[in-house]
J.: 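My questions all concern the structure below.
Just follow the structure's listing: the first ligand is 1, and inside any ligand the first atom is 1. Computed from a predicted model, the values in this text were never measured in an experiment.
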Amino acid sequence: MKQRKLLMIPGPIEFEPEVLRSMGMVTTSHVAPNFIEAFGNALDLMKEIWMAPNGQPFVVAGSGTLAMDMAVVNLIENGDDALVISTGYFGKRYADILKRYGVKVTLLESEIGGVVDLVTIENELKKKNYKLLTFTHVDTSTGVLVHPKPIADLAKKYNVLSILDGVCSVAGEEIKQDDWGIDVVLTASQKAVGVPPGLALLVASKKAMDVWKNRKTPVSNYYADWNNWLPIMEAYQNRKPSYFGTPPVNLIAALETSLKIITKEGISTRVKNHCKLAQAFREAIQSIGLEILPIHDSISANTLTAIKYPKNVNGGNFLSFVSEYGVILAGGLLPEIKTTYFRVGHMGSIDPKDIIVTLSAIEYALSKVGYTFKVGKSLETFQKIIQG
Ligand code: PMP
């Protein structure tokens with residue numbers, strides 16, 4: 001903490017030293033036996049974490065946006081209809097991606113801080129023969145959590161493929177891809193998966209793979225085309241060498257390390273810990289009079305919290321005092337309300353100590369900007385809940 005600040009933004013997050021050491025290993029060939037083993041293990045572990053024993057995992061160099069792109073471009077064809085269910089900034093990004101491929105997009109947007117209700121979704125699904133729907137598990141711009149199962153159930157009922165943007169949720173929020181019947185669950189390395197930025201990760205269902213195999217037109221994006229990547233993933237899963245585009249060897253070694261840490265702890269224990277810390281953090285924040293952005297606690301994410309600035313508090317000043325204390329937090333992201341709130345990431349390997357330091361930094365900054373509250377109250381609230 002003396003030389004560096006605690007990174008509590010919603011990605012990239014604080015990484016385990018062991019993961020960072022894997023990043024620093026001597027780079028091997030992408031067909032070296034130790035790398036083949038590491039890649040194969042990482043793909044196997046993804047299926048465990050996604051709870052998708054029958055799924056097809058993909059790992060490619062790129063960020064979460066590439067994973068979003070890859071998930072849909074392989075499934076849609078020009079002129080298809082897609083339904084985008086949006087709870088913030090990243091829902092709208094999905095609409096932009098789909099439009100770029102000539103898809104007819106219907107966008108269902110929630111009110112800020114809320115979710116789109118199931119009746120509205122079902123009514124829309126009745127209207128057209130949608131090829132797929134996309135939804136965001138945790139929209140990082142609002143801290144809103146969408147419960148995936150009911151939407152996945154609707155998608156199945158209307159025979160529509162379901163794509164879950166899990167960039168801010170996989171390995172932090174509950175996901176049961178196979179049980180819930182979600183066709184693609186995608187993420188990026190830099191969030192709850194716990195690996196520095198640079199990997200796009202997704203798992204596709206058998207149904208999604210069949211739709212892709214039976215498509216009539218070529219995939220409109222060369223790099224993201226599963227024709228290029230499926231043989232590579234299958235080769236590594238079978239511990240065989242292969243090549244399409246050079247894999248980011250060190251990042252994949254780090255992925256194997258991080259996924260091993262997560263599965264050693266157990267994915268359900270890890271998710272429970274996220275929920276416990278997040279709930280205690282939300283209560284601590286509210287105990288000093290601050291308001292969170294999601295309109296109900298039941299739709300508040302466990303991987304990050306979006307918090308409104310108190311009246312008359314300048315966000316820029318607040319965040320610089322937080323940083324002066326030694327913690328980095330993120331400002332707002334949703335354009336309509338960008339300057340009115342800030343975001344705290346609490347996913348991956350963080351523990352109560354990190355939250356305590358973060359709350360101390362928030363209290364320090366609030367005092368500096370002249371907000372009146374009972375100093376120490378958020379720390380007391382957090383401790384009571386965590387220890388209780
Ligand atoms: N979806 C969500 C929910 C995200 O939080 C992000 C990144 N913050 C993305 C998509 C895009 O990921 P990336 O920045 O890695 O491209």
Side-chain angles (χ1 to χ4, degrees), residues 7-15 50 58-73 82 84-98 100 107 109-110 112-113 115-116 133-148 151 162-175 182 184-203 221 223-224 248 251-252 254-255 258 274 278 293-294 299-306 328-335 338 341-348:
L7 189 60
M8 295 294 286
I9 66 170
I13 62 164
E14 289 278 322
F15 301 117
W50 269 242
F58 290 87
V59 176
V60 295
S63 78
T65 307
L66 175 69
M68 294 171 80
D69 207 327
M70 178 183 263
V72 293
V73 77
V84 172
I85 301 162
S86 173
T87 37
Y89 183 91
F90 291 101
K92 288 185 199 147
R93 175 170 296 185
Y94 234 145
D96 290 344
I97 293 173
L98 285 158
R100 190 61 70 90
L107 179 65
E109 284 187 84
S110 67
I112 292 176
V115 294
V116 180
L133 64 80
T134 70
F135 56 130
T136 318
H137 199 177
V138 169
D139 200 296
T140 320
S141 68
T142 55
V144 167
L145 171 73
V146 168
H147 295 285
I151 298 182
S162 52
I163 315 295
L164 183 66
D165 173 350
V167 172
C168 202
S169 71
V170 171
E173 303 279 1
E174 186 182 38
I175 295 177
I182 305 178
V184 181
V185 177
L186 64 97
T187 191
S189 51
Q190 74 273 18
K191 305 229 181 200
V193 163
V195 177
L199 293 177
L201 313 160
L202 60 86
V203 177
N221 178 319
Y223 184 72
L251 272 171
I252 287 168
L255 178 67
S258 191
H274 277 76
L293 195 61
I299 54 162
S300 294
N302 298 299
T303 47
L304 89 148
T305 303
I328 307 288
L329 300 181
L333 180 62
L334 197 67
K338 200 173 163 50
Y341 73 108
F342 65 102
R343 296 169 303 144
V344 180
H346 35 74
M347 62 189 120

J.: Please identify which atoms of ligand 1 are closer than 4.0 Å to at least one heavy atom of R93.
T.: 11 (C)
J.: Which heavy atom of the protein is the closest neighbour of atom 8 (N) of ligand 1, given with residue, atom name and distance?
T.: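 Looking only at protein heavy atoms, the one closest to atom 8 (N) of ligand 1 is K191 NZ, 2.8 Å.
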J.: Starting from atom 10 (C) of ligand 1, what is the nearest protein heavy atom, named by residue and atom, and what distance separates them?
T.: F90 CD2, 3.3 Å
J.: List the residues meeting side-chain contact (heavy atoms from CB on, under 4.5 Å) with S189, not counting sequence neighbours, and say none if there are none.
T.: V195, L199
J.: At a 4.0 Å threshold, what atoms of ligand 1 neighbour a non-hydrogen atom of S63?
T.: 13 (P), 15 (O), 16 (O)
J.: Please list, in number order, the atoms of ligand 1 under 4.0 Å from a heavy atom of T65.
T.: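 The list of qualifying atoms is 11 (C), 12 (O), 13 (P), 16 (O).
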J.: Under 3.5 Å, is there a donor-acceptor pair linking the side chains of R93 and T65?
T.: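 T65 and R93 do have a side-chain donor-acceptor pair below 3.5 Å.
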J.: Can you list the atoms of ligand 1 that are under 4.0 Å from a heavy atom of G64?
T.: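 Counting atoms of ligand 1 from 1, those under 4.0 Å from G64 are 12 (O), 13 (P), 15 (O), 16 (O).
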J.: Quick one: look at D165 and ligand 1, take heavy-atom pairs under 4.0 Å, and tell me if it's side chain, backbone, both or neither.
T.: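 Contact part for D165 vs ligand 1: side chain (C-beta onward).
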J.: Ligand 1 versus L66, non-hydrogen atoms closer than 4.0 Å: side chain, backbone, both, neither?
T.: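 No part of L66 is near ligand 1 at this cut-off.
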J.: Is the shortest distance from a heavy atom of D139 to ligand 1 less than 4.0 Å?
T.: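 Under 4.0 Å: no for D139.
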J.: Looking only at heavy atoms, what is the nearest atom pair of F15 and I13, with distance?
T.: CE1-O, 3.3 Å
J.: Just do the side chain to side chain contact (heavy atoms under 4.5 Å, CB included) check on S110 and V144 with the steps written out, would you?
T.: CA-CA 10 Å; S110 67; V144 167; over 6 Å; no
J.: Identify the residue among V60, L186, V167, T187 that makes a side-chain contact (heavy atoms from CB on, under 4.5 Å) with L201.
T.: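 So, applying the side-chain contact (heavy atoms from CB on, under 4.5 Å) to L201 and each of V60, L186, V167, T187, only T187 qualifies.
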J.: Please could you name the atoms of ligand 1 that M68 approaches to less than 4.0 Å, counting only its heavy atoms?
T.: 10 (C)
J.: Just how far is it from atom OH of Y94 to atom CG of L107, taken to the nearest 0.5 Å?
T.: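 One gets 14.0 Å once the value is rounded to the nearest 0.5 Å.
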J.: Using a heavy-atom cut-off of under 4.0 Å, does the side chain or the backbone of H137 touch ligand 1, or both, or neither?
T.: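 For H137, no heavy atom sits under 4.0 Å from ligand 1.
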J.: Which residue and non-hydrogen atom of the protein lie closest to atom 14 (O) of ligand 1, and at what distance in Å?
T.: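 Residue, atom and distance for the closest contact: Q190 NE2, 4.1 Å.
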J.: Mind checking the OH-CG spacing from Y223 to D69? Nearest 0.5 Å is all I need.
T.: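 If I round to the nearest 0.5 Å, the distance is 11.5 Å.
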J.: Give the atoms of ligand 1, by number and element, whose distance to some non-hydrogen atom of V138 is under 4.0 Å.
T.: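 The atoms of ligand 1 under 4.0 Å from a heavy atom of V138 are 3 (C).
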J.: I151: which residues meet the side-chain contact (heavy atoms from CB on, under 4.5 Å) condition with it, sequence neighbours left out?
T.: I85, L118, I121, L133, F135, V146
J.: Tell me if a side-chain donor or acceptor on H346 pairs with a main-chain N or O of N302 at a distance below 3.5 Å.
T.: yes
J.: Among all the protein's non-hydrogen atoms, which is closest to atom 5 (O) of ligand 1, and how far away is it?
T.: T140 OG1, 2.3 Å
